[in-house]
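Have a look at the structure below, then the notes.
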Amino acid sequence: MTSNYIRNFTSNQFFLEKLSYKKVFLLLFAICFLYILPIILANTFYIDDMNRTVEGYNWNRDGRFMSSNIMHLLSSQIEVVYSLFPYSTILSTFFLALTGFVLTYSLGIKNKVHLITASLIVATCPFLLEILTYKFDCLPISLSILFAILPFLLYQYKVRFFIASFLFLYLIFGLYQTTALSYAMVLCLFLIKDIWSLRYKHILINGSLALIAFVLAFFYYQYRLGQLGIEMVDTQRSEFIFSAPNFKELLIQRWEGYKMLLFSLIKSSFRYAFYIACISSIVGITAFLIKQKFTKKIILQILGSVLLIAFVLLLSVSINLVVMEPRWSPRSLIGCAFVLLMCFYAVIQIPRKVGILSNIVFIPIIYYSFLISSQLGIFLKNQDEYSDFISSMIAPEVLKHKDLKLIIDGSIQYAPRNATVKNETMPVIYKLAPLYEHYEFYWGIIRMNKFGIMSNTYVFGEERTNVLSNKESFPTIQENKYYTLRIQPPYAVVTFH
């Protein structure tokens, strides 16, 4: 019975190998569509999407003028940008898959089963799923990730590689700056390959060219910002903590933020699939080393590879580790997709006699990612309807006044229909679908004002403190098990229970 299963699985592998690349891409496109289908069906707004839908503003204030240019072009409008949903969401998922495909192919791996698996590892990475929930932002960010890979198609041609690196890095800085670290991670993977191919001169030349291209692209991007008259609004997001007097404390805080985000995935049942992949990676590395001839050079090769792997792991933590204003949202861990790919490249070193293992090891991880997508779609839809339910209850009273300023005290509950997705069972969902109606969170005002029933004016600082300290003197208009609504023009205070 077991031998029949193995025979059938092997024959399926052979079938995939016979497919043309055109059919492989069509297969990947279909799988990507099925993966993202729950998010498309949920059709909910990331809160920044809600503002862009109403106001149509671009990304210039974040220094992302390339994102603005591309979306204005695709929108056929100069004044506003459109989301292109759901086409942008579907295409963005495929771009992520294409990233895994191109990187793996560029590294010299031509096995089509491996190419398909690598593509799905990137496309279904749970942390990248947040990007795909953005109606407007998904296309520029997914393009920036793909652009981080494309220069390496020319890795063997030094001058072309340098020019391509400069051009694509410049585009990346203008699309989504954080992705630039992905270029460095991919470079490390190619340098590891060069180490074991004994191309030390190649390592020195291409490594230097990549570094020069990175620096030149960054300074040219900065020059273009000044030339275009673009000023970054949130400057603390680009300021580093190195000169801060409490540098050590800040670094520890950011490390804890990283661990909290990473463990939201690892501490769920996803960990079992992850452990299988890690153990298999160790087996693959061991098998690879056993095949090597033991010489003095091999010690240097191992040491160089370990240092580069450590650097990849460090870069995967993201720039949030050293900036003044870290934002630990799932999309900040783009590098985790490349860490998983690195594990996959180790797994496929397993000998051919048991080569079937290399093709099934990542199936549990990919399946779990589909499970997350399914539950996230349901979770987002339920929470969106619950928020609308709360807004519709306060609307009749709020509309009796003109443009009240909303102040949120407390935090809205999670939708009752989301009770089965608990922080103990699938905590990563709570990172992918945060509560907006939460204390001083600006986006909570925008979310509760989805239907334009009040002013979008954000009350903060001393004004907010003064209003809340006097809220008990405001007339209570509504009180139920969900919230208490108090109105004293020009303010409306919603206290969640």
Side-chain angles (χ1 to χ4, degrees), residues 39 42-54 130 133-135 260-261 264 327-330 375-399 401 403-461 463-465 467-469 471-472 474-488 491-497:
I39 307 302
N43 191 24
T44 58
F45 287 90
Y46 166 64
I47 205 65
D48 204 19
D49 291 339
M50 196 174 295
N51 253 11
R52 281 201 171 92
T53 298
V54 175
E130 184 188 37
T133 64
Y134 303 157
K135 285 182 168 65
M260 189 177 298
L261 179 55
S264 69
R327 297 194 176 183
W328 290 113
S329 60
Q375 295 310 301
L376 178 61
I378 296 170
F379 194 96
L380 287 171
K381 187 65 174 177
N382 288 342
Q383 194 63 40
D384 193 56
E385 291 178 351
Y386 182 69
S387 292
D388 286 349
F389 165 67
I390 297 296
S391 295
S392 65
M393 286 199 296
I394 70 169
E397 298 299 335
V398 170
L399 287 171
H401 306 270
D403 291 335
L404 289 174
K405 299 178 184 179
L406 176 66
I407 296 176
I408 298 174
D409 186 22
S411 181
I412 195 173
Q413 300 173 8
Y414 283 102
R417 284 185 294 176
N418 285 333
T420 56
V421 182
K422 299 179 181 178
N423 203 36
E424 296 78 22
T425 57
M426 199 173 280
V428 70
I429 293 291
Y430 289 80
K431 299 295 184 181
L432 292 166
L435 290 178
Y436 295 115
E437 302 93 322
H438 181 79
Y439 292 97
E440 293 183 76
F441 199 23
Y442 167 70
W443 294 119
I445 310 297
I446 303 301
R447 178 59 187 83
M448 289 199 71
N449 198 30
K450 177 180 177 181
F451 302 108
I453 61 176
M454 63 192 87
S455 169
N456 268 341
T457 303
Y458 179 47
V459 180
F460 62 98
E463 182 183 5
R464 172 186 163 84
T465 302
V467 172
L468 289 180
S469 63
K471 70 175 182 179
E472 297 297 335
F474 290 7
T476 299
I477 308 301
Q478 289 180 338
E479 187 168 9
N480 52 49
K481 70 176 185 178
Y482 302 113
Y483 64 85
T484 298
L485 172 64
R486 296 180 175 89
I487 295 178
Q488 179 67 60
Y491 302 109
V493 180
V494 175
T495 303
F496 287 109
H497 301 157

More than 12 heavy atoms of other groups within 6.0 Å of Met393 CE: yes

Locate the shortest heavy-atom distance separating [X] from [Y]; write the atom from each residue and the value.
{"X": "Ser264", "Y": "Pro427", "answer": "O-CG, 2.9 Å"}
{"X": "Ile487", "Y": "His401", "answer": "CG2-NE2, 3.7 Å"}
{"X": "Glu397", "Y": "Leu485", "answer": "CB-CD2, 4.0 Å"}
{"X": "Leu261", "Y": "Ser329", "answer": "CD2-O, 3.4 Å"}
{"X": "Thr484", "Y": "Glu479", "answer": "OG1-CG, 3.4 Å"}

[X] (side chain) donor-acceptor with [Y] (main chain) under 3.5 angstrom:
{"X": "Lys471", "Y": "Val494", "answer": "no"}
{"X": "Arg447", "Y": "Leu435", "answer": "no"}
{"X": "His497", "Y": "Gln413", "answer": "no"}
{"X": "Arg417", "Y": "Gln383", "answer": "no"}
{"X": "Ser387", "Y": "Asp384", "answer": "no"}

State, yes or no, whether a side-chain contact exists between [X] and [Y] at a heavy-atom distance under 4.5 Å.
{"X": "Phe451", "Y": "Asp388", "value": "yes"}
{"X": "Ser455", "Y": "Leu406", "value": "no"}
{"X": "Glu437", "Y": "Phe496", "value": "yes"}
{"X": "Tyr414", "Y": "Val421", "value": "no"}
{"X": "Ile394", "Y": "Ile453", "value": "yes"}

Parallel, tilted or perpendicular, as decided by the 30° and 60° cut-offs, for the rings of Tyr386 and Phe389: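 Tilted, since the angle between the ring planes falls between 30° and 60°.
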
Pairwise distance NZ(Lys405) to CG(Asn449) - rounded to 0.5 angstrom: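 Result: 14.0 Å between the selected atoms.
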
Thr495: which of Asp409, Ile408, Leu468, Thr476 passes side chain to side chain contact (heavy atoms under 4.5 Å, CB included): Asp409

Sole candidate of Ile378, Leu376, Asn382 that passes side chain to side chain contact (heavy atoms under 4.5 Å, CB included) when paired with Leu380: Leu376

side-chain hydrogen bond (donor to acceptor under 3.5 Å, both in side chains) contacts in which one or both residues fall within residues 427-436, not counting sequence neighbours: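 Every candidate side-chain hydrogen bond (donor to acceptor under 3.5 Å, both in side chains) pair involving residues 427-436 fails, so no pair, neighbours aside, qualifies.
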
Lys NZ or Arg CZ of Lys135 over Tyr46 ring: under 6.0 Å, within 45°: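 Because its charged atom misses either the 6.0 Å distance or the 45° angle limit, Lys135 does not stack over Tyr46.
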
